[in-house]
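Every chain is numbered from 1, with letters handed out A, B, ... down the list of sequences.
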There are 2 protein chains.
Amino acid sequence: MKSTIKDVARLANVSISTVSRVLNNPEIVVPEKREKVLEAIQRLHYSPNALARGLIHKRTQTLGVLIPDISNLFYSAVLRGMEDAAHRSGNNLIICNTDNNRERRSSILSVLNEKQIDGVVWTSEPVDSGSYELFGKFGFPVVLAATHSLEFELPSVKIDEEQAAYDAAEYLIRRGHTRIGMISGPAADPISGHPRIRGFLRALDDYGIEGDAQSNIEYGKYHFENSYTAMSKLYAKLPDMTAVFASSDERALAAISFLHDNRIKVPDDISVISFDNTRMAGMSTPRLTAVAQPLYDIGYLAVAKLIGLINGEPPQQLRTYVAHSIVERDSVSDRGAGGF
Amino acid sequence: MKSTIKDVARLANVSISTVSRVLNNPEIVVPEKREKVLEAIQRLHYSPNALARGLIHKRTQTLGVLIPDISNLFYSAVLRGMEDAAHRSGNNLIICNTDNNRERRSSILSVLNEKQIDGVVWTSEPVDSGSYELFGKFGFPVVLAATHSLEFELPSVKIDEEQAAYDAAEYLIRRGHTRIGMISGPAADPISGHPRIRGFLRALDDYGIEGDAQSNIEYGKYHFENSYTAMSKLYAKLPDMTAVFASSDERALAAISFLHDNRIKVPDDISVISFDNTRMAGMSTPRLTAVAQPLYDIGYLAVAKLIGLINGEPPQQLRTYVAHSIVERDSVSDRGAGGF
DNA sequence: CTGAAAGCGCTTACAG
DNA sequence: CTGAAAGCGCTTACAG
């Protein structure tokens, strides 16, 4: 039913080699035949089978992406950048959710390998050694997006988490806040956990503000509910705080919800600075002042880098750190800057 | 470098047919040889090439999905359901953003066709006749998710938009509201536009409340900014309204932002009911009371349906309408029910 | 410039 | 039960 190169050859009265040539190297075949072939292609609605091509070229123009959960705004923003970069270079993306599950990840890698994808972008998760071994075994290039690995020599693109967290805290301090709490992800998380905690604490320290992981920080998993609880605990142990650094937009929204439910005004009573700057940050009440990660760019650059590797271009730099920034909106108030 | 079935055959001292059999039909080969083959497979890290297989079987276990913009919470929630359904049945998804662009859509369909995908799920956009022709030309099955077509005989899964909008309005009315505005998407939109407007107006009418498209509705494109403006216009022309029906979460958040910026309290002064119930709905301040679309299920069911078609199962029903519901949270207040 | 042939990595009748 | 052969739909040297 689907017509093949043979059908076209027959109809145009040429060999399949010639058909192949007008497809890949038109200028090399005489105009007369070329026309006939083109016509036959039209008539038969012929389009080449990418599987057959892939088999020969050992290239599928398809990339695999592993991502914890697409239904999350953070990841889907990164993904959008990947998609655009892929589309621009004639590639497609097979997207797989990992749910942060080790086994699922390795089974995904195997399937992607069987499908002969040209490379993989590994998003937002630390690389376990099992997966790293698979990379070697399968032999496709891998780029890390919104994560990196110090243990393995893997190209990556992300922001400098610690500095970004530092900047968030400093932003608050410069606006006169000295009692500052933090809602963090799990301390064990090598991306959104301890680097941000370290940055936060370092800022307090640099500005001579007393505070430590024990008394200034509460931990919540990623989700809203956990963070709401974390905020309530934080408020209980730091009742006189005037500002909170929430290490994700979702945590910031949870913090605001808690404060609102307890008739504490944001930012009048307590300021909140967020992290990530997903689209939600501009849609909340009040709008979130946030450390912005260039989510789209991270995704875009990661696949651009991957495609470079696939094309055998010499790698520019192994670990790329992109710039973050602070987007000022309405969730932080000025305390009458305390002399800094 | 990647080992092939030949390498395995050589190492195990059997023919490639036998290797193929232990892969696909192990019980048919004698244990002794089977073991040798299995061992060789291990040693060589062999895994079959899905392209070669696909070429023969005319099946790639890969589905294409067209979606306007993955970085949107609505779509990404639907996508998550698709992903899970695909994964469960051993399929992968190639995801392509259309940006609601006709040309991009047809170029995507062509590429997917060349890659021999087994079917396509078309998400959330009306089907133009050009695309419909392509479906026929390419000959793969298509299922529509979160959209449908009355013009073409295409399987689909979505909610009943009109009834859902009706229910939203009725919900407000039953709580004593009689001056109700609506923030709608473009009236021309066959999914999120006129069906919801019609449902809204029909409810007003059924309950004997005066109102019409002219004076009770403002239109904004999907995005936050437009809707904020729409809300300001709506408020200007309907200053005594006590409730708003926003036809998406993003519109509801925009409405709330506008109201907040103008010191109008939600829900005390004006209630807001939303539509969609994406994850944001539970994270805002106040939390959104919303008509919930079963986003995940829509995606899940759409690919389940597609896989059924691919497997040649008799189609159950062409157009599936899934149930919506109303999730009560904090953005609607009771007006002391007006006798209904 | 063009065709016949070999080959990409598999599966599947067909003999035996 | 198993191997040789044909074939899936292409591309690419190799002759001519």
Between A/Arg21 and B/Ile16, name the one whose nearest nucleotide on DNA chain D is closer to the 5' end.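 Nearest-nucleotide comparison on DNA chain D picks B/Ile16.
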DNA chain D nearest-nucleotide lookup for B/Leu55 and B/Lys33: closer to the 5′ end is B/Lys33
Looking at every strand, decide which applies to [X] at a 4.0 Å heavy-atom threshold: base, sugar-phosphate, or nothing.
X: A/Ser20; value: base
X: A/Ser17; value: base
X: A/Ile56; value: base

Would you check if the side chain of B/Thr147 reaches a backbone N or O of B/Glu125 as a donor-acceptor pair within less than 3.5 Å?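 Side chain of B/Thr147 to backbone of B/Glu125: a pair is present.
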Do side-chain atoms of B/Thr98 reach the backbone of B/Asn101 as a donor and acceptor pair under 3.5 angstrom? no
For [X] and [N], what is the distance between atoms [atom1] and [atom2] respectively, to the nearest whole Å?
X: B/Ile5; N: D/dC8; atom1: CD1; atom2: C1'; value: 14 Å
X: B/Asn25; N: D/dC1; atom1: CG; atom2: C1'; value: 12 Å
X: A/Arg10; N: C/dG3; atom1: CZ; atom2: P; value: 15 Å
X: B/Lys6; N: C/dA6; atom1: NZ; atom2: C1'; value: 10 Å
X: B/Leu51; N: D/dG9; atom1: CG; atom2: C1'; value: 12 Å
X: B/Asn13; N: D/dG3; atom1: CG; atom2: C1'; value: 13 Å
X: B/Asp7; N: C/dG9; atom1: CG; atom2: C1'; value: 11 Å
X: A/Lys115; N: C/dC10; atom1: NZ; atom2: C1'; value: 16 Å

Closest to the B/Ser15 side chain: C/dC10, D/dT11, D/dA4? D/dA4
For the side chain of A/Val30, starting at C-beta, report the closest nucleotide among C/dC1, D/dT12, D/dG9. C/dC1
Using 30° and 60° as the class limits, which term best fits the ring planes of B/Tyr132 and B/Phe152: parallel, tilted or perpendicular?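 If you compare the ring of B/Tyr132 with that of B/Phe152, the planes turn out parallel.
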side-chain hydrogen bond (donor to acceptor under 3.5 Å, both in side chains) assessment of B/Ser47 paired with A/Asn113: CA-CA 8 Å; B/Ser47 74; A/Asn113 177 242; 3.1 Å; yes
Contact under 4.0 Å: [X] side-chain N or O vs [N] OP1/OP2:
X: B/Asn49; N: C/dC8; result: no
X: A/Lys2; N: D/dG9; result: no
X: B/Lys58; N: D/dC8; result: no

Are [X] and [Y] close enough for a salt bridge, meaning some N to O gap below 4.0 Å?
X: A/Arg104; Y: B/Asp84; value: yes
X: A/Asp118; Y: A/Lys58; value: no
X: A/Asp99; Y: B/Arg80; value: yes

Among side-chain atoms of A/Arg59 and A/Asn91, is any donor-acceptor pair under 3.5 angstrom?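 No, because no side-chain N or O of A/Arg59 sits under 3.5 Å from a partner of the opposite role on A/Asn91.
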If a pair means Watson-Crick or G-U wobble with both distances below 3.5 Å, what does DNA chain C look like in dot-bracket form, with | marking bases paired to a different strand? |||.||||||||.|||
